[in-house]
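Working notes, beginning with the structure itself.
All values reported here derive from a predicted model rather than from experimental measurement. Worth knowing before you read on, the calculation uses all heavy atoms, side chains too, and leaves out hydrogens, waters and symmetry mates. Sequence lines set the chain letters: A, B, ... in the order given, protein chains first and strands last, and positions in each chain run from 1.
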There are 4 protein chains.
Amino acid sequence: MTRAGGTRAALLDAALAVFDERTYGDTPVAVVADRAGVSVGTLYRYFPSKEALGNAVYRLWKERLAERIAAARPADASYAATFAAIFHAFVGFAADHPEAFAFLELQQHESYLNVDSRTASASVDGMAVEFVSQGQKAGEIRPGEPNMLVALVYGALVGLVKARRSGLRLTDDDLAAAEAATWALLDIRS
Amino acid sequence: MTRAGGTRAALLDAALAVFDERTYGDTPVAVVADRAGVSVGTLYRYFPSKEALGNAVYRLWKERLAERIAAARPADASYAATFAAIFHAFVGFAADHPEAFAFLELQQHESYLNVDSRTASASVDGMAVEFVSQGQKAGEIRPGEPNMLVALVYGALVGLVKARRSGLRLTDDDLAAAEAATWALLDIRS
Amino acid sequence: MTRAGGTRAALLDAALAVFDERTYGDTPVAVVADRAGVSVGTLYRYFPSKEALGNAVYRLWKERLAERIAAARPADASYAATFAAIFHAFVGFAADHPEAFAFLELQQHESYLNVDSRTASASVDGMAVEFVSQGQKAGEIRPGEPNMLVALVYGALVGLVKARRSGLRLTDDDLAAAEAATWALLDIRS
Amino acid sequence: MTRAGGTRAALLDAALAVFDERTYGDTPVAVVADRAGVSVGTLYRYFPSKEALGNAVYRLWKERLAERIAAARPADASYAATFAAIFHAFVGFAADHPEAFAFLELQQHESYLNVDSRTASASVDGMAVEFVSQGQKAGEIRPGEPNMLVALVYGALVGLVKARRSGLRLTDDDLAAAEAATWALLDIRS
DNA sequence: AATGAATGAGCATTCATTCAT
DNA sequence: GATGAATGAATGCTCATTCAT
């Protein structure tokens, strides 16, 4: 056990770590159990299958990401300011939990995600699409299919995090520039 | 055999098809051989291992993508026009070879790519970085770490293609809007 | 706990029930404990191993069967009447305790029965063989190796119970006919 | 490979042997493969699962038993003579293939037999029930539910073979007595 | 050259048994 | 006494790779 939260939390932590180092598909459950400091049998006491474990990890972190973004959104602010807040929440999440972000966005989960996990994922997307739609109505965000704009912005952010993961060192100024550039994707004035 | 190019080409075709339908990691070599209409033994006559096959597919299509982008780049044109050309080449490649694009950009290859494959990948990136650097010197592309800007743009493009793959229908107007938005990521005037 | 007899009896009851529904070999001890309403740990307080539990269940019911047959045997009666009494005891036992009879006679226990259980089993057989031998001496039962005749009769009865278990519906008249037929196996006049 | 018939036949032979020595449920597939002199992987090339292997063995021998009984049945003969022929076929089969007979009749297969196997099993039963029904119409076999009479006779035969398996030595005279006794189960004159 | 049978290490999962609380 | 979390050996099955034909 590596955490106060007990065995289950230790398993979720260990699973995230090793799923990130290798990949969900390339990680034997024995490796997860080892990392968590428990036996395979114990892992199966907490999760009925490897898939269930993968879904639990996925959902846990998607929900944390969703919460962080939801919490970051200021009540009254311009769209540019709101975007900045959301952008920082997103990049901050990726900075604080790089393994979690990489696991969520850089791996393919199609083959095992269940409906709850997909719902959690859709919730993050939904918030983003809604944000864009409202910005368009307010005349602050460029016109166009909102899902497409979200895909572009989300993809850009994922690309950014992926590049950092590959070794790209970025200063705070760089990140500020990244924010400005990404906002330009949406800004009606660009 | 499904191609004039012979058995090797048939295997590369089959591999791309099944690696896209499933995943490199989830695809038994027997499935590739079946799809190519040959036996496993024959597959191993052309490729010494599954990894070698995966690398060959990866490199083949990364190189085709690089060629298409290189060919698309106009000799003398504004940076905006050059960007438009590159954007179209990229999106056109994804439209013409959706399985290839998905295999290249939507899967994780870290665990098996060899140095040649990584070189081929870097060549696409290198062209993009060079384009951005020159644009910056010419005062047309916003300042900032060129690798970072490339990561943002490349990520946005990948996000766009991924969204289409997930079922998002886009009109030509939508794509024009996407191009404008993505160019705004770089445009010094944004 | 489902019985006045306490935890041990509850475990024996539960074990018989689930060993019949599934099979001794296919039943995890946790299922037995659950059914008895106790924890696995408690099961192991009463029985040192799964084998010990299996043997206890086996012996318990073999002994009950032996007692019932012994009790049914009339003091003075013709062999035909004695046979009828034994037959009824046997069939009555199977009717009253179908799970017990099925567990005893329809499963394979060779892999785990200990010597006490085998002794209990032999006691039932012994009574039958002795009955046949005496009947032969009295000129009422057909000649032949008594163990063989017992095997035929016992097998016929097992076949009958097995058929009922498989869904064959029998009236009282049918059962009377079965008794007559089975007696014919032994009757020197047949 | 232990047989001319090739790997598949060797696996069926090995499976019967070890399923008889232990039990279907208690036999790891690795033991079957070992006995057949092949690797586990090879076993799975011939049978998609352990269940499939179990069914194949079951069906193979049920069909052989059915064939032997069908072949033994004389065209024109009294019911007693026909019964004698069937009895001898049955006991002869058990004598010639004791492991097959034990596997078929002394184990529980309910948990894995598929519909084809059950059909094969029903074919043996069906022949017996038909024989009894016709004998009843001809006034040679005692009245009563034919399935019940078959269950008694079949059970008696199984009991006989089981006893021999347990070490009971029987002479030809004993077997003749067994036949007479078993026929008495059916004979209307008993 | 082509085939496909054979191999065996590797993986997800189960379950009898133990023991700290 | 009772509990149930923890253990880890065992099992069914897969699949990359080899090699005799």
Side-chain angles (χ1 to χ4, degrees), chain A residues 1 6-8 10-11 25-34 36-54 112, chain B residues 1 6-7 24-34 36-54 112, chain C residues 1 6-8 25-34 36-54 112, chain D residues 1 6-8 10-11 25-34 36-54 112:
Chain A
M1 275 176 247
T7 304
R8 190 186 148 90
L11 282 164
D26 281 351
T27 308
V29 294
V31 170
V32 179
D34 261 19
V38 302
S39 66
V40 217
T42 296
L43 185 155
Y44 277 90
R45 170 167 284 278
Y46 290 90
F47 300 95
S49 67
K50 187 187 177 186
E51 280 203 12
L53 174 60
Y112 69 91
Chain B
M1 276 179 249
T7 303
Y24 169 82
D26 282 351
T27 308
V29 294
V31 170
V32 178
D34 259 20
V38 302
S39 66
V40 225
T42 297
L43 185 154
Y44 275 87
R45 175 163 291 281
Y46 288 90
F47 300 94
S49 68
K50 188 187 177 186
E51 281 203 9
L53 173 61
Y112 69 90
Chain C
M1 276 178 250
T7 304
R8 190 186 147 89
D26 282 351
T27 308
V29 294
V31 170
V32 179
D34 259 20
V38 302
S39 66
V40 226
T42 296
L43 185 155
Y44 275 87
R45 176 164 290 281
Y46 289 89
F47 300 95
S49 68
K50 187 187 178 185
E51 281 202 11
L53 173 61
Y112 69 91
Chain D
M1 273 179 250
T7 305
R8 190 186 148 90
L11 282 164
D26 282 351
T27 308
V29 294
V31 170
V32 179
D34 262 18
V38 302
S39 66
V40 214
T42 296
L43 185 155
Y44 278 91
R45 170 167 284 279
Y46 289 90
F47 300 94
S49 66
K50 187 187 175 185
E51 281 203 12
L53 173 61
Y112 69 90

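- Shortest non-hydrogen contact noted between D:Ala10 and D:Ala36 is O-CB, 3.8 Å.
- Phosphate proximity of F:dA16 to B:Ser49: absent, as no side-chain N or O sits under 4.0 Å from OP1 or OP2.
- Along DNA chain F, the nucleotide nearest to B:Glu51 and the one nearest to D:Thr27 differ in position, and the one closer to the 5' end is contacted by D:Thr27.
- Residue C:Asp34 contributes atom CG, which lies 10 Å from atom P of F:dG4 at whole-angstrom precision.
- D:Leu43 places its CG atom 16 Å from the C1' atom of F:dC15, with the value rounded to the nearest Å.
- Checking F:dA2 for Watson-Crick or G-U wobble geometry (two distances, each under 3.5 Å) identifies E:dT21 as its partner.
- Looking at which nucleotide of DNA chain F each of D:Pro48 and C:Ser39 is closest to, the 5′-most match is held by C:Ser39.
- Minimum atom distance to the side chain of A:Val38 is reached by F:dT7, of the listed F:dT7, F:dT11, E:dT7.
- Atom CZ of C:Phe47 and atom P of F:dA2 are 13 Å apart (whole Å).
- In this structure, B:Lys50 and B:Thr27 approach most closely via the heavy-atom pair NZ-O, 2.9 Å.
- Considering all non-hydrogen atoms of both residues, A:Thr42 and A:Leu11 come closest at O-CD1, 4.4 Å.
- Taking 4.0 angstrom as the limit, B:Thr42 places a side-chain polar atom (N or O) nearer than this to OP1 or OP2 of E:dT3.
- Rounded to an integer number of Å, the gap from CG of D:Leu53 to P of F:dC13 is 10 Å.
- With rounding to whole Å, A:Lys50 atom NZ is found 15 Å from E:dT14 atom P.
- Between D:Ala33 and D:Leu43, the shortest heavy-atom contact is N-CD1, 4.1 Å.
- Distance, C:Tyr44 OH to E:dA20 C1': 18 Å, rounded to whole Å.
- Using a 4.0 Å heavy-atom distance criterion, A:Tyr46 is classed as a sugar-phosphate-only contact.
- The partner of F:dT11 is E:dA12, by the rule that a Watson-Crick or G-U pair needs both atom distances under 3.5 Å.
- If you take CG of C:Asp26 and P of E:dA16, they are 10 Å apart, rounded to a whole angstrom.
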Note to self: Working note: D:Val29 + D:Leu53, criterion side-chain contact (heavy atoms from CB on, under 4.5 Å); need CA distance, chi angles, decisive distance, verdict.
What the structure shows: CA-CA 9 Å; D:Val29 294; D:Leu53 173 61; 5.5 Å; no
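- Between the C1' atom of E:dT17 and the CZ atom of A:Arg45 lies a distance of 13 Å, rounded to the nearest Å.
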